[in-house]
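Contents: one structure, followed by commentary.
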Number of protein chains: 2
Amino acid sequence: MTIELSDKVARNVPTLASIAERVGVSVNTVSRALRAPHTVRIELRRQINAAMEELNYVPNRLAGGLSGTRSDIVGVVVTSLYYSEFANIIDTLQSALLEHDLQVMLANTRYNADQELRLVRSILSWRPAAVAIIGVDHPPKVVELLKAADIPIIEMWDTGGEVIDTAVGFDHARVGAAQANHLIGQGYRRLAFVGSVRENDKRAQKRLSGLETAAAAAGLPDIVKHTAQQGGSPELGERLATELLQRHPEIDAIACNSDVVAFGVLRALRKLGRRVPEDIGVIGFGDNEAASCVSPSLTTVRPDRELIGKLTAEAIVARINDAKPYTAPVEWELIVRESTAR
Amino acid sequence: MTIELSDKVARNVPTLASIAERVGVSVNTVSRALRAPHTVRIELRRQINAAMEELNYVPNRLAGGLSGTRSDIVGVVVTSLYYSEFANIIDTLQSALLEHDLQVMLANTRYNADQELRLVRSILSWRPAAVAIIGVDHPPKVVELLKAADIPIIEMWDTGGEVIDTAVGFDHARVGAAQANHLIGQGYRRLAFVGSVRENDKRAQKRLSGLETAAAAAGLPDIVKHTAQQGGSPELGERLATELLQRHPEIDAIACNSDVVAFGVLRALRKLGRRVPEDIGVIGFGDNEAASCVSPSLTTVRPDRELIGKLTAEAIVARINDAKPYTAPVEWELIVRESTAR
DNA sequence: TTGAAAGCGCTACCAT
DNA sequence: ATGGTAGCGCTTTCAA
């Protein structure tokens, strides 16, 4: 359903030339008045500024980017915008980049690999100064394109794999292990994993494998998995938990792939009459803003999203300024609340 | 702390000319092979495509935008990215625009009017094909710039005011009135308003005035307001509610400016030993994903964010294709849950 | 301190 | 079906 967009336009927007003509100087002088004010006579500068103000002049950065050496765009590729999973990263990243006059161009792959390729291509076509992208697992062609672009590439959120250039994040397998070990430490023995796991959500798979490894190391039986492809929501969590316990009533702890799903799991358990944390423990991931407000309050893992956004902005600036590629580990925290506190 | 970004670069990225040279045709032919394939001999086309693939060619849209008539960028200006307030709008908007090869350039004002001006200027400097922006209340200079840009401007989320061009949203005063009338219908009489209200959050102010008008119409005493400038969070809600009831123990219903704040209010009431909904009613705004999962579950208002995103994309395309400006009203729904169900 | 001219990579228009 | 040429609006030498 791609509709052809009309091609007219020819908007009558003022250019440097309009300003130059109006003031009676060359285009060049106007350009310098903007980029290097001190090289222009003060009186002239005043007139130029006045003309710009009056005509509502806004520089054309397409032209500037084409002509100059940098485009001042930073491409940001996320896998999801739902339920604030990455919203806070984008928030801090965007604010920090603004300090350097870098503009965020946003793309959302929705956990779809084909979409990721298409979007990366699209973003690169704007000749960004850098690209920040969620995760370290990309289709080969995406990696090839990103490398060929010859600009800083910052991989965010996950550091558990091969990095293209620079990475800011944490190891998701260790998160899974920590979740398992916490549950085991609380005396839970029959663990299950529940949630929305999209085909392309490698981070979820890494957390799961961390859980499995830790459970095996503790001599526990295999973790029972019950996941779905659809997006995470309380409704999904409620359904999955109900189905899970029907088939596996022995389960005494549920690790959820996201807090939003865990909320639904808690609701299911309430309806089933299972006491949390006495009969069964629940742990989430993400530290949703409501995790401390449900009852029982939810034990979960809090990744420091603000820090990731901030460090990513720093990495972008550093790499643009020719710093060496590096990997910045970001802390996360297991927050124990009522849902596992028995 | 604006650091000067280094100005080198001179990346060696393939251009149309590289492809043309390699295949032995003119730049023009390569360009047409991309934009109008059927005008190029099939055999030549094949060679051109092969060369592009091999060199990892990515078109330079800065050049295309400068040369052509459109830039295919859509500027999106939001007031917040926190707690998914607008994340779902951006999500659907971005996906829908992708179908038309329009790219989202994102800016977040964080409810700051100066920032809004700066960001709008910055966005316009990319010569976007259209701008979508939250709200209808902007500083005069912003309105002037947006009008002068002579492109479609879609104002989202709020329709309660003077529209620049086209708007997609709802009337927040009516939401406030509906909240008040619901509370009154449930028998609550001493209403309070609590939450984070940023200086520049005109929507919150409109909802509040809707509440006040409805309360006055019902002959109730004035609504007690207790708000803060800082961002909304459960912690803020807990604090504000505690302080409020200390000073005004007669309050029997609290309208919150956001669900996240309401979660904290519920927690405060639990600690204070006030029964919800028997002693005191609580209503939120926004239908946060956890609103149905807290206990008691939260009565709130659900704006249709996905629809706003979708209709905004439609409006952008329609306006680019010279449709007349219009205002698209979007429904919202008052969802009654336990927190007011007495 | 200012200006002229070339060129960034592409599209549009006119020839051939 | 293909190519030549002239810009788009800016930055960047190099002269004046």
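Residue numbers begin at 1 in each chain, while the letters A, B, ... track the order of the sequences.
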Atom CG of A:Leu34 and atom C1' of D:dT11 are separated, to the nearest Å, by 12 Å

- Task: List the steps and the verdict of side-chain contact (heavy atoms from CB on, under 4.5 Å) for A:Ser122 and A:Met105.
- Result: CA-CA 10 Å; A:Ser122 176; A:Met105 187 157 250; over 6 Å; no

Using a cutoff of under 3.5 Å, can you pull out all pairs of nitrogen or oxygen atoms linking the protein to nucleotides 13-16 of chain C, with atom names and distances?
unit_1: C:dC13; atom_1: N4; unit_2: B:Asn28; atom_2: ND2; d: 3.4

Practice problem: May I have the step-by-step check of side chain to side chain donor-acceptor pair (under 3.5 Å) for A:Glu144 and B:Asn56, ending in yes or no? | Solution: CA-CA 8 Å; A:Glu144 190 180 336; B:Asn56 277 323; 3.1 Å; yes

note: B:Leu66, atom CG; D:dT11, atom P; distance rounded to Å ~ 12 Å

### Query
For D:dT11, does either OP1 or OP2 sit under 4.0 Å from a side-chain N or O belonging to A:Ser67?
no

From CH2 of A:Trp126 across to P of C:dC10 the rounded distance in Å is 13 Å

When rounded to whole Å, the CG to C1' distance for the pair A:Asn60 and D:dG9 reads 6 Å

_Using OP1 and OP2 only, check whether a side-chain N or O of A:Tyr57 sits under 4.0 Å from D:dC10._
yes

Whichever of B:Gly24 and A:Ala63 has the more 5' nearest nucleotide on DNA chain D, that residue is B:Gly24

Taken to the nearest whole Å, CD1/B:Ile19 to C1'/C:dT11 is 17 Å

**Asked** Are B:Thr29 and B:Val27 side-chain neighbours, meaning at least one heavy-atom pair lies under 4.5 Å?
**Response** no

**Prompt:** With distance as the sole criterion, do the side chain of A:Thr29 and the base of C:dG3 form a donor-acceptor contact below 3.5 Å?
**Reply:** no

Checklist line | Distance-only donor-acceptor check, side chains A:Asn108 and B:Gln94, under 3.5 Å | finding: no

* To do: Using a 4.5 Å cut-off on heavy atoms from C-beta on, say whether the side chain of A:Thr166 contacts that of A:Pro152.
  => no

Practice item. Could you tell me whether B:Glu54 and B:Arg22 make a salt bridge, using a distance below 4.0 angstrom between a side-chain N and a carboxylate O? Key: yes

* Does the side chain of B:Lys141 reach to within under 4.5 Å of the side chain of B:Arg121, using non-hydrogen atoms? -> yes

- request: Measure distances between side-chain N and O atoms of A:Ser31 and base N and O atoms of D:dG9, and say whether any donor-acceptor pair falls under 3.5 Å.
  value: no

In numerical order, the residues of residues 41-52 of chain B whose heavy atoms come under 4.0 Å of DNA chain D are B:Arg41, B:Leu44

Exercise. Distance only, no hydrogens: is a donor on one side chain within 3.5 Å (strictly under) of an acceptor on the other, for A:Ser95 and A:Thr92?
Worked result: no

Looking only at C:dT2, C:dC10, C:dG3, the nucleotide nearest the A:Val40 side chain is C:dT2

B:Asp72 CG to C:dG9 P, in whole Å, measures 20 Å

Quick note, ring-ring contact (aromatic ring centres under 6.0 Å, His included) partners involving residues 104-129 of chain A, not counting sequence neighbours, are none

B:Arg127 CZ to D:dC8 P, in whole Å, measures 14 Å

Rounded to whole Å, the CZ-C1' distance (B:Arg35 to C:dG9) equals 12 Å

